[in-house]
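Bear in mind that the values here come from a model prediction, so they are computed numbers and not experimental data. To find a chain, count down the sequence lines: A is the first, B the second, and so on, and within it residues start at 1.
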2 protein chains.
Amino acid sequence: MNTPRFEVIKKHIIAYIEQGDWRPGDAVPSENQLAEQFEVSRMTARRALTELTEAGVLERVQGAGTFVAEQLPTGSLLEIRNIADEIHERGHKHLAEVICLEQRTTTDAEEKLIGLPVGSVYFYSQVKHIEEDTRGKQEVIQFEERYVNSVVAPHYLEQDFTQITPSAYLSSVSPLSQADHWVEAILAPAEIEALLEIPTGTPCLKLSRRTYSYQQNPTKKQKFIVNFAVLYHPGPGYRLGGHLIAS
Amino acid sequence: MNTPRFEVIKKHIIAYIEQGDWRPGDAVPSENQLAEQFEVSRMTARRALTELTEAGVLERVQGAGTFVAEQLPTGSLLEIRNIADEIHERGHKHLAEVICLEQRTTTDAEEKLIGLPVGSVYFYSQVKHIEEDTRGKQEVIQFEERYVNSVVAPHYLEQDFTQITPSAYLSSVSPLSQADHWVEAILAPAEIEALLEIPTGTPCLKLSRRTYSYQQNPTKKQKFIVNFAVLYHPGPGYRLGGHLIAS
DNA sequence: CAGTGGTCTAGACCACTGG
DNA sequence: CAGTGGTCTAGACCACTGG
């Protein structure tokens, strides 16, 4: 009785799809039909359809109708978490070691990485993230390399990254942004293998992320890179996981 | 003029957050305040707040108010795509080679993978996915191993997986589901290295995915595994990418 | 307690699709 | 053209929070 009426309608639709009565491409009842059938206002019927559309279950075409979406679990999502949160959630302790934290000047190779002209100042950091389990056993779980736009985070060099992760600090400084990221399986360079404390030839999961923001100049809106991060995880022990729930 | 009023309100809120006037944890104006300020109904102001909440920009607490979310780019998402779609989007051709497609009986080791008791029948397939570029150059881009619940997909063995990918076929048979998935960097077993046509010791991106469904028995609802897939990609050439847009 | 967000109504006008 | 989805209104009642 307490479940909202739009939830009842959503479940009704999902049940029909799961039973195979409505197949991908089929039209589902219109807002008006559902409103009449469930004796609710059109706005309530609409909410059920809207939420199922956002979940990828349905597709809507203005003027034409609402249809069962073609494929659902095809394109799905992997969650990328903050490393400290992830470790804490396992009930373990997160330790960080700052290997390097300095100001640098862009060379040719770095120009594209951070989107600043050659000769610009930027901040560079290397941090080793360690997971300590309940018995005190320590393991290097991530080596993080970061190229940071010094205009966006002018106080980056003054932070204590054993207390706050660079990721958490940057998100507090520049809260809204766009990001591109990707993962690869690689063999890490020897110096990174040493930092991760893994034998030569161990495959690593390399996660790269570029974060953007928009300059708020009154006249023009300019997109620029806030930071470029490269995160190395020792494989095959490290899993980047996700959970997908349809609807 | 043509932009919807709730969009105007969303942009207004985002601008304040980006400028740093409203910081994470701060309260934003209530539905009633926004409704009055923008001279819209409460439902329209509400829509702006609701959509920004769904995007992770705001957080709402019933009775208390709406607040700027604490961290945004921290937990973000990697998209997992259908391999054929991904190749076609690059303007290349997707070819598939079926290495193995047969009925098997669960042994101890496989029992947990597919969630069926030892001695049950299941379907097993191995498919090699090849990308052919515009000059006709071919490259193995994925080796796919799949354990499929024969009850859910009784006609699995009759499919031509050079024409439809197993993933696309299964999603047409069991359209709504839950899934868990994760990626690891590994060294592949020698036989898989051979199938991927890569030198020994090349790191691979291993993507595992378990798909669930719910049995529609009239009396009880039982969760069971639809299929378990293991996808191997040759690294470091292969990238699993994503794009995140805040708001 | 006043104020907040969560659900819902019974209308309205609009842009768009398809026959 | 009738029917669809997209936006919007001006109300209502409720559960919940905080002082």
Within the distance-only criterion (no hydrogens, no angle test), does the side chain of R5(B) pair as donor or acceptor with the backbone N or O of E39(B) below 3.5 angstrom?
-> yes

Base of dG6(D) paired with side chain of R42(A) (donor-acceptor, under 3.5 Å) |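 Counting by modelled atom types and ignoring angles, a donor-acceptor contact under 3.5 Å is found here.
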
Distance, rounded to the nearest Å, where [X] contributes [atom1] and [N] contributes [atom2]:
X      : N       : atom1 : atom2 : answer
F38(B) : dT9(D)  : CZ    : P     : 13 Å
L49(B) : dG5(C)  : CG    : P     : 7 Å
Q62(A) : dT7(D)  : CD    : P     : 8 Å
M43(A) : dC8(D)  : CE    : C1'   : 7 Å
R47(A) : dG6(D)  : CZ    : P     : 16 Å
E36(A) : dT9(C)  : CD    : C1'   : 16 Å
R5(A)  : dC14(D) : CZ    : P     : 14 Å
N32(B) : dC13(D) : CG    : P     : 16 Å

Nearest-nucleotide 5' precedence on DNA chain C, V40(A) against T66(B) | T66(B)

Which nucleotide in the set [options] lies at the smallest distance from any side-chain heavy atom of [X]?
X      : options                 : value
E31(B) : dT7(D), dG5(C), dT17(C) : dG5(C)
F6(B)  : dG5(D), dT7(D), dT9(C)  : dT7(D)
R60(A) : dT7(D), dG5(D), dG5(C)  : dG5(D)

Which atom pair, heavy atoms only, marks the closest approach of V68(A) to R23(A)?
->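 Smallest interatomic distance, heavy atoms only, reads CB-O, 3.5 Å.
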
Identify whether any heavy atom of R46(A) sits under 4.0 Å from a base atom; if not, whether one sits that close to sugar-phosphate; answer base, sugar-phosphate or nothing.
-> base

Just say parallel, tilted or perpendicular for the rings of H94(A) and H88(A), cut-offs at 30° and 60°.
->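 The arrangement is perpendicular - the two ring planes meet at more than 60°.
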
State whether [X] places a side-chain N or O below 4.0 Å from either non-bridging phosphate oxygen (OP1 or OP2) of [N].
X      : N       : result
T44(B) : dT9(D)  : yes
S30(B) : dT4(C)  : yes
S41(A) : dG11(C) : no

Please give the nucleotide sitting opposite dC16(C) as a Watson-Crick or G-U wobble pair, both distances under 3.5 Å, or none.
->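 With both distances under 3.5 Å, dC16(C) matches dG3(D).
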
Which is it for E31(A) and R60(A) under the salt bridge (Lys or Arg N to Asp or Glu O under 4.0 Å) test, yes or no, and what are the steps along the way?
-> CA-CA 11 Å; E31(A) 296 178 352; R60(A) 318 195 77 181; 2.9 Å; yes

List the steps, then state whether ring-ring contact (aromatic ring centres under 6.0 Å, His included) holds for Y156(B) with Y122(B).
-> CA-CA 10 Å; Y156(B) 190 74; Y122(B) 71 94; over 10 Å; no

